[in-house]
Amino acid sequence: MSEFTSGFLMERIHMGKVAKYAQSRSVMKELNHKWIVYLTEGDNDAGIMDMSHEYPVMYFDHEEDHGWGYRIYDHGKIIASLRINYELEEGLLWEMAQERYPEGDLIEIVYNQAGDELREEIKNNFDELILQSFAEANIGSFAVFGFTHEHLETLNATLTPSEVRSGSNIFQIVNTFKSVLQLEEMSWINYDHVVEDANYDLMLTDSRHPTWIQWLEYKGEASSGN
């Protein structure tokens with residue numbers, strides 16, 4: 001089985017504020033000393049923009065065989081986003097075939113001369129397509145989570161169109177990304193998996209719920225929710 005990971009990440013110092021915007025039956029899990037992960041059914045981002053007015057939030061997902069990406073929410077806006085698609089060429093091929101030949105048999109088109117012509121067109125424009133995918137990457141935005149200039153330099157050297165274009169290390173880029181951002185534990189984590197295994201610290205329903213208050217007091221974080 002291939003890994004599927006997804007969730008909203010915020011710095012641990014903000015854990016006392018999460019319940020204020022939490023959806024019913026969303027869950028929270030401490031990832032490590034730096035991060036907590038907030039999980040919702042279907043990765044529903046209701047409330048995330050409101051959260052981001054108080055503290056920045058990052059959405060991260062990783063489908064091992066298909067690709068990975070992130071979005072950073074801050075002050076009610078998405079200030080950065082990137083999607084690295086391991087199947088970009090194949091996906092574009094099918095999209096273009098459907099667009100160019102809406103009435104045709106796509107399988108027949110893709111695997112015949114018309115498909116070869118589309119593949120050649122994609123190949124000739126592939127560099128530009130990759131550049132477009134990095135248009136909103138905004139690596140500097142990771143500074144909102146307290147990362148230093150050195151961290152950002154490492155990310156800038158790793159998350160580049162040329163690294164993706166070469167393809168030689170494309171599956172390793174996500175590991176470097178996670179290492180720099182202290183996200184190594186963000187693996188095999190998603191709402192369904194975590195809830196099924198009851199592998200969470202708290203299911204959020206109401207910030208006034210006694211369990212929530214007791215848990216914050218136990219963690220010594222109650223003051224951060226004021």
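Predicted model only: the values in this text are computed from it and were never measured.
What you find for Thr40 and Ser26 is that their closest heavy atoms are CG2-CB, 4.0 Å. Nearest approach of His33 to Arg12, heavy atoms of both residues: O-CD, 3.6 Å. In terms of heavy atoms, Ile72 sits closest to Tyr70 at CG1-CD1, 4.3 Å. Nearest heavy atoms, Asn32 versus Glu185: ND2-OE1, 2.9 Å. When all heavy atoms are compared, the tightest approach of Asn44 to Gln23 is O-NE2, 2.8 Å. For the pair Leu131 and Pro161, the tightest heavy-atom approach, listed with the atom from each and the gap, is CD2-CG, 3.7 Å.
Between the OG atom in Ser141 and the CD1 atom in Ile79 there is a gap of 3.5 Å [rounded to 0.5 Å]. Residue Glu3 holds its CD atom at 5.5 Å from NE2 of His62, rounded to the nearest 0.5 Å. The distance from the NE2 atom of His149 to the OG1 atom of Thr154 is 9.5 Å, given to the nearest 0.5 Å. Here the straight-line distance linking atom CD1 of Ile78 with atom CE of Met58 works out to 13.5 Å at 0.5 Å rounding. The structure places CZ of Phe4 at 12.5 Å from CG of Asp65, a figure rounded to the nearest 0.5 Å. Here NZ of Lys29 is found 3.5 Å from CG of Asn199. Values are rounded to the nearest 0.5 Å.
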Practice task
Kindly determine whether Asn175 and Glu184 satisfy side chain to side chain contact (heavy atoms under 4.5 Å, CB included), including the steps that lead there.
Solution key: CA-CA 8 Å; Asn175 295 327; Glu184 292 93 340; over 6 Å; no

Practice task
Evaluate the criterion side chain to side chain donor-acceptor pair (under 3.5 Å) for residue pair Glu153 and Asn156; output intermediate values, then yes/no.
Solution key: CA-CA 5 Å; Glu153 281 191 331; Asn156 269 316; over 6 Å; no

Problem - Pair Leu181-Phe142, side chain to side chain contact (heavy atoms under 4.5 Å, CB included): steps then yes or no - result: CA-CA 9 Å; Leu181 298 183; Phe142 287 98; 3.5 Å; yes

Practice task
Under the side chain to side chain contact (heavy atoms under 4.5 Å, CB included) rule, what do Ile48 and Tyr38 come out as? Steps first, then yes or no, please.
Solution key: CA-CA 10 Å; Ile48 296 297; Tyr38 169 69; 4.0 Å; yes

Practice task
Start with the C-alpha gap between Gln182 and Phe147, add the side-chain angles, then the distance that decides, and say whether side chain to side chain contact (heavy atoms under 4.5 Å, CB included) holds.
Solution key: CA-CA 10 Å; Gln182 302 172 41; Phe147 290 103; 4.0 Å; yes

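Between Glu63 and Arg83 there is a salt bridge, since at least one side-chain N of the basic residue sits less than 4.0 Å from a carboxylate O of the acidic one. Under a 4.0 Å N-O distance rule, the pair Glu117/Arg100 does not qualify as a salt bridge.
In this structure, the side chains of Leu93 and Val110 come closer than 4.5 Å at one or more pairs of heavy atoms. By the 4.5 Å heavy-atom criterion applied to side chains, Leu159 and Phe134 are counted as neighbours. Counting heavy atoms from C-beta outward, Glu54 and Lys20 have side chains that approach closer than 4.5 Å. A 4.5 Å side-chain heavy-atom check between Asn190 and Thr5 finds every atom pair outside the cut-off. Arg25 is listed as a side-chain neighbour of Tyr191, based on a closest heavy-atom distance under 4.5 Å. Side-chain contact between Thr158 and Val180: absent, with no pair of heavy atoms (C-beta onward) separated by less than 4.5 Å.
In this pair, Trp94 and Tyr111 present their aromatic rings perpendicular. The plane angle is above 60°, beyond the 30 to 60° band.
By the neighbour-count criterion of 12 heavy atoms within 6.0 Å, atom NE2 of His75 is sparsely surrounded, having that number or fewer from other residues, nucleotides or ligands. Within 6.0 Å of CD1 on Ile107 lie no more than 12 heavy atoms contributed by other residues, nucleotides or ligands. Within 6.0 Å of the CD atom in Gln132, the count of heavy atoms belonging to other residues, nucleotides or ligands exceeds 12. Atom CD of Glu163 has more than 12 heavy atoms from other residues, nucleotides or ligands within 6.0 Å.
Of the possible polar contacts, one joining the Ser52 side chain to the Met49 backbone as a donor-acceptor pair under 3.5 Å is found. Looking at His53, its side chain never comes within 3.5 Å of a backbone N or O of Asp50 through a donor-acceptor pair.
Trp68 pairs in a ring-ring contact (aromatic ring centres under 6.0 Å, His included) with only one of the listed residues (Tyr86, Phe171, Phe177), which is Phe177.
Judged by distance alone, the side chains of Gln113 and Asp116 never bring a donor and an acceptor atom under 3.5 Å apart. Inspection of the Tyr59 and Asp43 side chains reveals an N or O donor paired with an N or O acceptor under 3.5 Å.
Under a cutoff of 6.0 Å and an axis angle of 45°, Lys178 and Phe60 do not form a cation-pi pair.
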